[in-house]
Amino acid sequence: MPIPTSAGTPTRASASVSTQTPASSQTITHTPSSYTLPDLVCFAHLHWDFVWQRPQHLLSRFAQYGRVFYVEEPFVHGDDASLEAHFEIKERQNGVKVLVAHLPAGLSEEATDQAQAKLLTQYFAENSIDQFVSWYYTPMALSKSRHLQAALTVYDCMDELANFKFAPPRLRELEQELFERASLVFTGGQSLYEAKSLQHADAHAFPSSIDKAHFGQAREAGVDPADQAIIAHPRVGFFGVVDERLDIELLGQLAEAHPEWQFVIIGPVVKIEQAALPRTSNIHYLGGKDYKELPMYLRGWDVATLLFADNESTKFISPTKTPEYLAAGKPVVSTPIRDVVRPYGELNLVQIAAAADEFGQAIGRALKQKDDAEWLARTDEYLATISWDRTWQDMVNLMQQRLADKK
């Protein structure tokens, strides 16, 4: 099993949550004026094949112009102490190489880090990785990689991992070390930027973006997936990882108060017990789905929701699903997450509600909003200002500038 050395590490994905991305997410719609970056080596706490999100959007774009190596958390063979440590190499979208260290059972935390460091040193030598960008999603990876000499170090801080359930005690300490090493810090949202910019002089906010062509498919006619077709309307949906960030109490209250609505929940359950989930006849847990399937499910919803709890793990989140829901043309109701309130709530693109009765009233209004052409026009006007292509290009520009400054 994977070693839980970094916050937010999910269980290894099963086939039911495979995330092969459609062609619309693999091809950049514009060519950068120049691309001069060396190899990119990413150290991540998220498995590439878990759910398709920020790392996959960005790194699959980098891979169109150069070599990209994605170093995952190790896989420990709990029943084999004699196994020789080795890397498993998996090729993914646009040639991204995913590196998974396979380690024997019984290693201490220090020995685990040493084994991975040795594997990385060998792999870098064998593959002539000498000029490279180190791209971090978790500070915990420093324990196995700090000996590697990067031309540029980037910390893409997509979440406040220290606030997540089961966060390692050393995470905050290692994040301070990463701040000292990093030339650039990118953040996954405005709230996170406001916090991290106090700790690093070269921080930049890159909130969650959107693949409009992919999620825009939900606006077209199509067949309802079989497991959803049997569910009555109105349908109120949510997709994403079902973990401590989901307000399961709110979900239960809404389902009991509104038996006339059907709640469709899509996503793998992580770090919470299945028994803790509310179970009523109008809540339907459909499990994890491929990224390419999400527009087909969204197409059949009447309202999309952001059912996030008010706790430490949601304090700095910037949900990617906000613009994804909107690109699908669906009215959205959200709890008062700061990076949803700003800008979506303030622009009156998303309804914001907290308590169950207020949230239920907002869903009632949203059921009528789907026919509001003026709202949809304003939504599309805003979505035209953001894209993963633009986010990626702005990151490339900053990285190339910092490398030029070093020279």
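None of the values given here were measured: they were computed from a predicted structure.
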Exam field: side chain [X] to backbone [Y], donor-acceptor pair closer than 3.5 Å:
X: Thr153; Y: Ala182; result: no
X: Glu293; Y: Asp290; result: yes
X: Gln217; Y: His214; result: yes
X: Ser60; Y: Gln93; result: no
X: Asp339; Y: Ser191; result: yes
X: Arg61; Y: His57; result: yes
X: Gln393; Y: Arg390; result: no
X: Asn282; Y: Trp261; result: yes
X: Lys118; Y: Ala85; result: no
X: Arg235; Y: Gly300; result: yes

**Residue pair Asp79, His77: steps toward the side-chain hydrogen bond (donor to acceptor under 3.5 Å, both in side chains) verdict** = CA-CA 6 Å; Asp79 57 349; His77 293 254; 5.1 Å; no
Does a salt bridge link [X] with [Y], judged by any charged N lying under 4.0 Å from a carboxylate O?
X: Asp224; Y: Arg299; result: no
X: Arg338; Y: Glu194; result: yes
X: Arg219; Y: Asp380; result: yes
X: Asp156; Y: Arg54; result: yes
X: Arg170; Y: Glu109; result: yes
X: Asp113; Y: Lys144; result: no

Could you tell me whether the side chains of [X] and [Y] share a donor-acceptor contact shorter than 3.5 Å?
X: Arg365; Y: Gln351; value: yes
X: Glu73; Y: His45; value: no
X: Asp357; Y: Gln361; value: no
X: His233; Y: Asp302; value: yes
X: Gln274; Y: Arg279; value: yes
X: His147; Y: Thr121; value: yes

Heavy-atom count check: over 12 atoms from other residues, nucleotides or ligands less than 6.0 Å from [X] [atom1]?
X: Gln401; atom1: CD; value: yes
X: Glu249; atom1: CD; value: no
X: Glu374; atom1: CD; value: yes
X: Gln176; atom1: CD; value: yes
X: Asp310; atom1: CG; value: no
X: Glu260; atom1: CD; value: yes

Flag the pair [X] / [Y] as yes when at least one side-chain heavy-atom distance between them is below 4.5 Å, and no otherwise.
X: Asp49; Y: Arg92; answer: yes
X: Leu294; Y: Ile266; answer: yes
X: Ile352; Y: Val340; answer: yes
X: Asp247; Y: Phe308; answer: no
X: Val96; Y: Gln56; answer: no
X: Met395; Y: Leu58; answer: yes

Aromatic contact, [X] with [Y] (centres under 6.0 Å):
X: His258; Y: Phe359; answer: no
X: Tyr155; Y: Trp135; answer: no
X: Phe132; Y: Phe124; answer: yes

Over all atoms of both residues, closest heavy-atom pair of [X] and [Y]:
X: Gly267; Y: Val242; answer: O-CG2, 4.0 Å
X: Pro55; Y: Leu46; answer: CG-CD1, 4.2 Å
X: Ser197; Y: Ala203; answer: CA-CB, 3.9 Å
X: Ile210; Y: Pro323; answer: CD1-O, 3.6 Å

**Check against side-chain hydrogen bond (donor to acceptor under 3.5 Å, both in side chains), Asn311 and Ser313** = CA-CA 6 Å; Asn311 59 35; Ser313 69; 2.6 Å; yes
Spatial distance of atom [atom1] ([X]) from atom [atom2] ([Y]) [nearest 0.5 Å]:
X: Asp211; Y: Glu324; atom1: CG; atom2: CD; answer: 8.5 Å
X: Gln53; Y: Lys321; atom1: CD; atom2: NZ; answer: 8.5 Å
X: Thr112; Y: Gln116; atom1: OG1; atom2: CD; answer: 6.5 Å
X: Ile265; Y: Tyr285; atom1: CD1; atom2: OH; answer: 6.5 Å
X: Trp392; Y: Phe62; atom1: CH2; atom2: CZ; answer: 7.0 Å
X: Thr187; Y: Phe206; atom1: OG1; atom2: CZ; answer: 8.5 Å

**Item:** CA sep, side-chain torsions, deciding dist, call: Gln400, Tyr35, side-chain contact (heavy atoms from CB on, under 4.5 Å)
**Value:** CA-CA 8 Å; Gln400 292 184 156; Tyr35 186 93; 4.3 Å; yes
**Asked** How far apart are the C-alpha atoms of Val98 and Glu72, what are their side-chain angles, what is the distance that settles it, and do they pass the side-chain contact (heavy atoms from CB on, under 4.5 Å) test?
**Response** CA-CA 7 Å; Val98 178; Glu72 291 190 352; 3.4 Å; yes
**Message:** Run Leu99 and Lys97 through side-chain contact (heavy atoms from CB on, under 4.5 Å) and show every step you take.
**Reply:** CA-CA 6 Å; Leu99 281 59; Lys97 286 187 169 53; 4.2 Å; yes
**Message:** side-chain contact (heavy atoms from CB on, under 4.5 Å), that's the test. Do Ile337 and Thr322 meet it? Break it down for me.
**Reply:** CA-CA 11 Å; Ile337 299 300; Thr322 314; over 6 Å; no
Geometric class of the [Y]/[X] ring pair [parallel <30°, tilted 30-60°, perpendicular >60°]:
X: Tyr291; Y: Phe215; answer: perpendicular
X: Phe179; Y: His200; answer: tilted
X: His102; Y: Phe75; answer: tilted

**Request:** Identify which one of Phe239, Tyr297, Tyr344, Phe238 satisfies the ring pair (Phe, Tyr, Trp, His ring centres under 6.0 Å) criterion when paired with Tyr325.
**Result:**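 Testing each of Phe239, Tyr297, Tyr344, Phe238 against Tyr325, the sole residue satisfying ring pair (Phe, Tyr, Trp, His ring centres under 6.0 Å) is Phe239.
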